[in-house]
Undergrad: 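Mind looking over this structure? Questions follow.
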Amino acid sequence: MADKKKMSVAEILAAARGEGKAAGKEAAMPADQTAAAQAETPQSSADSPAATPAAPKPGSAGRPSVKDILAMARSKGAAASPVDAAPAKPKPASKTAAGKPAPAKKPNAPVAGPKKNVQRDTASILAAARSGAKPGPVGKAEAPVVAKPQARSAAKPPPRPVPPRPARPAAKKPAKNAATDERRGFLGYAVGSFMAVGFTALSMTGGLFGLGLARFFFPNVLAEPPSRFKVGSKEGFPVGKVETKYVAQYGVWVVNSEFEGVQQIYALKTVCTHLGCTPNWLEAEQKFKCPCHGSGFYKDGINFEGPAPRPLERYAIRIADDGQLEVDKSKSFQEELGQWNDPESFVTA
Ligand code: FES
């Protein structure tokens, strides 16, 4: 028993084939003979352990029969071992346990052997079907080699050559017309001249307006002489003296003369009482003579001829702290009003 357990599947198959040959001889017998033999020995066939594979042989307890071994081998081969599918020999018609003859298998029928573990894919199947070489699914090894489409990057067409851009045709210049050009030149000159004149006048007007505005903000200021000024000491004005050197600058005559029995030094205003002209001192005639209308005034300023209506006016005069005579033009004195009697209107000589 220990040796039988160690038997490999190949050995078991070899043994089964050897017994199968013997059984084949029996199967090769004519069916009539076989049936007769079976009829003659019903008990032997019924009792035979070979006829009933399920029951073990009486002489060999636990030893499997050939059929069992075959069944085991086929089941193992189909389940696990990839044994090459050899066409099975047609088995002889054998009776089943019930005595019915088993249907004889077709000699050309494919034996359901162990399926090959063949890898098939859809591409190979489709290629084979299209080529018509072999209908039905084919193995990957049998399928014709189909060129796989290249990658997208490789399938990109080469860039189109960019044709050079045609050169832009030169714009045709219109033919020059001498008359038209002359008219255009004249119009342009005239318009330009008018515009130039307009802009010039506008700029001049703006300049004048700016000057007027500046004059308004910064008016001219006449530099008038001070209202008070010194004319020197009394000794510089002797009796009967008419000093005319302050006429042009200050409009004043400084006179040392007698008025109403009093010798006085006073300052007469050089303005004619008629219409404002400046009279002249006539040393030879000892009078003031107005050149405008002929009015005449004595040395003390009393009017005696001409249209002058009244005597000349006096300014205030006094002896300053330094002993000099100081004339103040801010104050004036009129004789017809009796103001010449004011002590500010004269200095006693
Ligand atoms: Fe002197 Fe007329 S202004 S006389």
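Numbers for residues simply follow the sequence, beginning at 1. First listed ligand is number 1; within each ligand, the first listed atom is number 1.
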Undergrad: Please list all pairs passing the disulfide (SG to SG under 2.5 Å) test where one or both residues lie in residues 164-195, with sequence neighbours left out.
TA: none
Undergrad: So do the side chains of I265 and V255 get within less than 4.5 Å of each other, counting heavy atoms only?
TA: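 Side-chain contact under 4.5 Å: no.
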Undergrad: Under 2.8 Å from atom 2 (Fe) of ligand 1, which protein N/O/S atoms are there?
TA: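 Those protein N, O or S atoms (cut-off: under 2.8 Å from atom 2 (Fe) of ligand 1) are H274 ND1, H293 ND1.
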Undergrad: Taking the six-membered ring for Trp, are Y250 and F229 parallel (under 30°), tilted (30 to 60°) or perpendicular (over 60°)?
TA: parallel
Undergrad: Quick one: are the C272 and C290 sulfurs under 2.5 Å apart?
TA: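 Not so, these two cysteines form no disulfide.
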Undergrad: W253 and ring pair (Phe, Tyr, Trp, His ring centres under 6.0 Å): which single residue from W281, Y315, Y266, F288 fits?
TA: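 When ring pair (Phe, Tyr, Trp, His ring centres under 6.0 Å) is applied between W253 and each of W281, Y315, Y266, F288, only F288 qualifies.
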Undergrad: What's the separation between atom OG1 in T200 and atom CE in M195, rounded to the nearest 0.5 Å?
TA: 11.0 Å
